[in-house]
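The chains referred to below are lettered A, B, ... by the order of the sequence lines, with proteins before strands, and numbering in each begins at 1. Values reported hereafter were calculated over all heavy atoms of this structure, with side chains retained and with hydrogens, waters and symmetry mates removed.
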Protein chains: 2
Amino acid sequence: MYTRAEENYLKCIFHLEQEHKGAVATNAIAQMMSTKASSATDMIQRLADKELVSYRRYKGTTLTKEGIAVAVAVIRKHRLWEVFLVEKLNFQWDEVHEIAEQLEHIQSEELITRLDKFLDHPDYDPHGDPIPDKDGNIKKTEKKVLSEMSKSQHGILVGVRETSGEFLQYLDKRNIAIGTKIKVLGKEFFDGSMIIQVKKEQFFISKKIAENLYIQV
Amino acid sequence: MYTRAEENYLKCIFHLEQEHKGAVATNAIAQMMSTKASSATDMIQRLADKELVSYRRYKGTTLTKEGIAVAVAVIRKHRLWEVFLVEKLNFQWDEVHEIAEQLEHIQSEELITRLDKFLDHPDYDPHGDPIPDKDGNIKKTEKKVLSEMSKSQHGILVGVRETSGEFLQYLDKRNIAIGTKIKVLGKEFFDGSMIIQVKKEQFFISKKIAENLYIQV
DNA sequence: AACTTATTTTAGATTAGACTAAAAATATAC
DNA sequence: GTATATTTTTAGTCTAATCTAAAATAAGTT
């Protein structure tokens, strides 16, 4: 099995690779892991020795098949635990990330099989992210970033990008949650800000907010 | 907070101190932790620096108030998770120990508060051991080892000492579980073996088995 | 093309936790 | 009460994961 640190690096590289499509820069990894570039290099080289990533000095890092499998397994565990925490223990969706970061490293195939069944095989976690299946397949959701939508388009919120407590609380305060219908009433070219309709109410939102909301059209 | 290793040592020392009443030998700790005496000494000295144990060279180790608090908190978490695994995820009672060993180190007060509530504030774990409350109080069960009972005495099984898979499966095979009524029909002085009644059936059991069953008379 | 800046890697040190081998303290035996 | 055996501790080494400082490479600018 792999260490906690290894699993965390693999998960991190997986997410970065998804975002930017292509080899991941050492600095990007270091930054996301809140560590120094030298530490990241060190770990990357160890992961390369174990053939979990392929790596060429100064050129960047990509996950191997095995590396992807490990990363996705960890993500599956993380998201299943998040469902458990919200659905069964009644946590708010913005409180679960930190705890799931720990739970995702518990080693037991059987545990996850049973947890998945107990939760009735959920497809999405409380933030709207898809839960990989046992074999590592992830449902691709054809979601759009709200900031890329134009006037009078509408859809439902299926996920968020940023997962900080502040951001999720911002949404809660405005009654915006996964599943909420959102319509774009207006868009300002100058700064990318928008006026949106949520249920009976209308809000002004900045570009920064709009960039962090995923909408299914 | 404390590291996994520290928590495990504290838990180990707690159990040994309960059993033998008095300062715990370094070798006993090393043996229970499946490590070498030198490693144990090393850790004990670090724990002493942090005032979690009081320790005098060559004399043995005892937990301080703070050390007890940490150990009991870990034991509480372990036993609550065991209840969860058996009651909610339908594990057999002999399959849960290893997983609970991992789960007991998850750091979150709130998680345990909510888990406890979700499980309806259980008093005992699936092996019959009492679950410490939030403040660290442990219900003392006035239980007796079966091997110390005499002919025609009876009671119910409230706990087991040994927790190996083989032993628990031995019990399962004979339909013996926590809560089962047991009556001593006969006892052999020579080797301490017994004939017991369980439900409608009678079994011969060796002294070794009898020493590992706790009965509430 | 040469200079400057930013990124990445190497070298060397540190910490927790474990190990082996040897030394020190305690316990047991005659 | 000395000799022997057992237990415990110390000293020194090892690995994973981190750090700082310095060196190497790549990228950007004139």
The correct set of residues in residues 27-53 of chain B placing a heavy atom under 4.0 Å from DNA chain C is T35(B), K36(B), S38(B), S39(B), M43(B), R46(B)
Exercise. Can you find a side chain N or O atom of Y55(A) that sits less than 4.0 Å from OP1 or OP2 on dT9(C)?
Worked result: yes
Original post:
Looking only at side-chain N and O atoms, does R57(B) come under 4.0 Å of OP1 or OP2 in dT26(C)?
Top reply: no
Within the distance-only criterion (no hydrogens, no angle test), does the side chain of D191(A) pair as donor or acceptor with the backbone N or O of S193(A) below 3.5 angstrom?
-> yes
What residues 6-15 of chain B contributes to the DNA chain C interface at heavy-atom separation below 4.0 Å is Y9(B)
Any base atoms under 4.0 Å from Y2(A), or only sugar-phosphate, or nothing? Heavy atoms, all strands. nothing
Should R76(B) and D116(B) count as an ion pair when the cut-off is N to O under 4.0 Å? yes
Checklist line | No-hydrogen, no-angle side-chain donor-acceptor test under 3.5 Å, S164(A) and E162(A) | finding: yes
Report task. For the residue pair F84(A) and F118(B), categorise the inter-ring angle as parallel (less than 30°), tilted (30 to 60°) or perpendicular (more than 60°). Result -> perpendicular
#### Entry: Side-chain donor-acceptor contact under 3.5 Å, W81(B) with D125(B)
no
Rounded to whole Å, the CZ-C1' distance (R56(B) to dA25(C)) equals 14 Å
Indicate, with yes or no, if the rings of H127(A) and H97(A) have centres closer together than 6.0 Å. no
Checklist entry - When you look at E82(B) and H78(B), which way does the side chain to side chain donor-acceptor pair (under 3.5 Å) test go after all the steps? => result CA-CA 6 Å; E82(B) 284 200 343; H78(B) 182 103; 2.9 Å; yes
With sequence neighbours left out, the residues meeting side-chain hydrogen bond (donor to acceptor under 3.5 Å, both in side chains) with Q31(B) are none
In whole angstroms, the gap separating P of dT15(D) from CZ of R4(A) amounts to 22 Å
Contacts of T3(B) and K59(A) projected onto DNA chain C by closest heavy atom; the upstream (5') one is K59(A)
